[in-house]
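Everything on this sheet refers to the single structure shown next.
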Amino acid sequence: MFNNNRIRIAMQKTGRLSSDSIKLLTSCGIKINLKQQKLIAFAENMPIDAMLVRDDDIPGLVMDGVVDLGIVGENVLEEERLNRISQNSEHSYVTLTRLDFGICRLSLAVPVNTTYTHINSLKNIRIATSYPHLLKKYLDKKNISFKSCMLNGSVEVAPRAGLADAICDLVSTGATLEANGLREVQVVYRSRACLISKNGDINTDKKEVINKLMTRIKGVIKARE
Ligand code: PRT
Ligand code: ZN
């Protein structure tokens with residue numbers, strides 16, 4: 001049973017953001033009981049419940065007001081916002097703060113043996129990506145028409161597999177691109193994890209807890225700088 005006076009915060013269950021997200025809350029003095037690895041983990045010492053979900057579900061849970069807060073990569077957040085705009089569905093949220101982890105960039109990359117001189121080299125080619133809206137927004141702005149190939153995984157093997165001429169994928173160290181014979185040619189979007197809240201009425205008790213949490217998060221981030 002849900003207690004409506006407790007803050008619900010959606011976080012990634014397993015993946016690149018999960019341990020940093022938990023660490024952030026723990027550093028804020030929140031004791032979360034994670035032992036059971038269930039969908040919901042309750043904090044013992046603050047009225048906060050963590051919902052442990054796939055990162056792709058977090059923006060929608062916040063935009064639909066199902067949870068109060070979420071920790072998610074801006075790449076996933078902006079892609080879902082653009083997706084919802086295209087479908088005319090609810091897409092509002094508030095960014096409370098950007099965080100100091102999950103830092104990466106969404107980049108265009110081409111096979112190393114491809115001639116690339118200018119962004120115009122991408123004209124009319126097929127680009128594999130899991131981020132079709134972010135890619136379209138970027139290339140539309142530059143007036144570059146392209147064909148897309150939507151893949152939810154293994155994007156970096158698409159050129160070698162003959163599925164696409166280029167890719168648009170997340171990069172952090174660049175090792176994956178290199179291992180797959182690809183060269184980064186344009187940064188489409190710079191991203192990091194952020195803390196977001198639903199847009200709309202949040203009761204005074206919850207607001208007080210959120211304010212307290214925000215003060216602690218800002219303190220933790222400052223101390224880590
Ligand atoms: O299961 P779930 O859906 O929750 O997780 P997921 O598999 O979709 O996401 P996950 O855990 O891989 O990533 C979660 C978030 O971490 C992303 O949405 C980004 O905000 C952030 N992040 C930061 C990254 C990376 N860095 C990153 N390097 N996400 C993915 N990568 C991948 C990238 O896709 C590529 O395959 O790592 C590879 C490139 O890394 P380098 O270091 O070789 O360049
Ligand atoms: Zn995901």
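Counting starts at 1 for both ligands and their atoms, in listed order. Hydrogens, waters and symmetry mates play no part in the numbers below; they use all other heavy atoms, side chains included. Note that the coordinates shown come from a computational prediction; the quantities given were computed from them, not determined experimentally.
At a heavy-atom cutoff of 4.0 Å, ligand 1 is contacted by the side chain of L17 but not by its backbone. Only the side chain of V76 comes within 4.0 Å of ligand 1, judged by heavy-atom distances. Both the backbone and the side chain of V171 come within contact range of ligand 1, each with a heavy atom under 4.0 Å. With a heavy-atom cut-off of 4.0 Å, Q12 touches ligand 1 through its side chain alone. Contacts between S172 and ligand 1 below 4.0 angstrom, taking non-hydrogen atoms only, involve backbone and side chain alike. Heavy atoms of D169 found under 4.0 angstrom from ligand 1 belong exclusively to the side chain.
Of all the atoms in ligand 1, the ones that sit under 4.0 Å from a non-hydrogen atom of G15 are 11 (O). Remark: ligand 1 atoms within the under-4.0 Å shell around heavy atoms of G73 are 20 (O). Close contacts between ligand 1 and G102 involve ligand atoms 23 (C) [criterion: under 4.0 Å to a heavy atom]. Ligand 1 places these atoms under 4.0 Å from at least one heavy atom of T173: 41 (P), 42 (O), 43 (O), 44 (O). Each of the following atoms of ligand 1 lies closer than 4.0 Å to a heavy atom of A175: 43 (O), 44 (O). Annotation for ligand 1: atoms under 4.0 Å from non-hydrogen atoms of T176 are 38 (C), 39 (C), 40 (O), 41 (P), 43 (O).
The single protein non-hydrogen atom nearest to atom 18 (O) of ligand 1 is N75 ND2, 3.0 Å, given as residue, atom name and distance. Looking only at heavy atoms of the protein, atom 1 (O) of ligand 1 is closest to R54 NE, 3.5 Å. Protein heavy atom in closest approach to atom 14 (C) of ligand 1: D55 OD2, 3.4 Å. Distance from atom 26 (N) of ligand 1 to its nearest protein heavy atom, with residue and atom name: C104 CB, 3.5 Å. For atom 25 (C) of ligand 1, the closest non-hydrogen atom of the protein is R16 CD, 3.5 Å.
The side-chain contact (heavy atoms from CB on, under 4.5 Å) test with I127 is passed by exactly one of D165, I144, L108: L108.
S107 and E184 are linked by a side-chain donor-acceptor pair at a separation below 3.5 angstrom, with hydrogens and angles left out of the test. Of the N and O atoms on the side chains of E79 and Y189, not one donor lies less than 3.5 Å from an acceptor on the other residue. Side-chain polar atoms of S145 and N124 form a donor-acceptor pair below 3.5 angstrom. Under the 3.5 Å distance criterion, with hydrogens and angles disregarded, no donor-acceptor pair is assigned to the side chains of E80 and Y93. Donor-acceptor pairing under 3.5 Å is lacking for the side chains of S154 and E156.
Rounding to the nearest 0.5 Å places CD1 of I119 at 5.5 Å from CG of L139. Distance check, rounded to the nearest 0.5 Å: NE2 of H91 to CE of M63 gives 8.0 Å.
I58 is connected to L106 through a chain of hydrophobic side-chain contacts under 4.5 Å among Ile, Leu, Val, Met, Phe, Trp and Tyr, so both are in one cluster.
The two atoms that bring S172 and I103 nearest to each other are CB-O, 4.0 Å, heavy atoms only. Taking both residues in full, the closest heavy atoms of V53 and A10 are given as CG2-CB, 4.4 Å, listed atom of the first, atom of the second, then distance.
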Candidate pair D64 and R84, rule salt bridge (Lys or Arg N to Asp or Glu O under 4.0 Å), full reasoning: CA-CA 11 Å; D64 290 334; R84 285 180 169 232; 2.9 Å; yes
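Using a cutoff of 4.0 Å between basic side-chain nitrogens and carboxylate oxygens, E74 and R190 are not scored as salt-bridged.
Between the Zn ion (ligand 2) and the N, O or S atoms of D55, the shortest distance is to OD1. Restricting D56 to its N, O or S atoms, the one at the least distance from the Zn ion (ligand 2) is OD1.
Distance remark: protein heavy atom present below 4.0 angstrom from atom 34 (O) of ligand 1.
Residue-to-ligand polar distances keep E156 apart from ligand 1: every N/O pair is separated by 3.5 Å or more.
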